Amino acid sequence: ASDWYASAVQTAIDCGLAENLISDGKITPNRPITREEMCDMLVHVYEKRNGHVLDGAKLNFADADSITNKLAVSKATEAGMVHGRDDGNFAPLDGLSRAEAATAVLNYFNL
């Protein structure tokens, strides 16, 4: 509760944007966010803010079977918020790098 980011994390949870930060009833803000989780958060914010549901598309990634939240990833990729890796994979469970996060947020604001 005393960490510098506590109020931001609490706001995200209160808005329903960061359920993925809660594990076994405890907040885990220091756990890396996956690429798939970032898609879920961005899509949730976009749809809530803009009042309409994004369209998803067929996932054409080589590792599409390993994507748990196919709907969020398909919506985020179709909207242009995120892209796959150069090797044709999406890598849904890989930790999100700062560069990837910055790019996804920039793409979000350019929609």
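Residue numbers count from 1 along this sequence. In this text, all values refer to a predicted model and were calculated from it rather than measured experimentally.
Between the side chain of N69 and the main chain of A72, a donor-acceptor pair closer than 3.5 Å is present. Using modelled atom types, one side-chain atom of D87 and one backbone atom of N89 make a donor-acceptor pair closer than 3.5 Å.
Taking hydrophobic clusters as Ile, Leu, Val, Met, Phe, Trp and Tyr residues chained together by side-chain heavy-atom distances below 4.5 Å, I33 does not share a cluster with L93. One hydrophobic cluster holds both F109 and V43 under the rule that ILVMFWY side chains link at heavy-atom gaps under 4.5 Å.
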*List the steps, then state whether side-chain contact (heavy atoms from CB on, under 4.5 Å) holds for R85 with D94.*
CA-CA 11 Å; R85 299 267 169 91; D94 281 7; 2.9 Å; yes

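The distance from the CZ atom of F90 to the CG atom of N60 is 13.0 Å, given to the nearest 0.5 Å. Summarising the geometry, atom CE belonging to M41 is positioned 6.0 Å from atom CE belonging to M38; distances are rounded to the nearest 0.5 Å. Of the inter-residue distances, the one linking L54 atom CG with E78 atom CD reads 9.5 Å to the nearest 0.5 angstrom.
Here the rule is side-chain contact (heavy atoms from CB on, under 4.5 Å) with C39, and of V82, L71, T77, I67 only V82 fits it.
Residues H52 and Y46 bring their aromatic ring centres within 6.0 Å.
Taking 4.5 Å as the limit, every side-chain heavy atom of T103 sits out of range of all side-chain heavy atoms of H83. Under the 4.5 Å side-chain criterion, counting only non-hydrogen atoms from C-beta, T68 is in contact with E36. Between E37 and L96 there is no side-chain heavy-atom pair separated by less than 4.5 Å.
Nearest heavy atoms, S74 versus G56: OG-CA, 3.6 Å. Listed here is the closest heavy atom pair of M81 and L111: CE-CD1, 3.6 Å.
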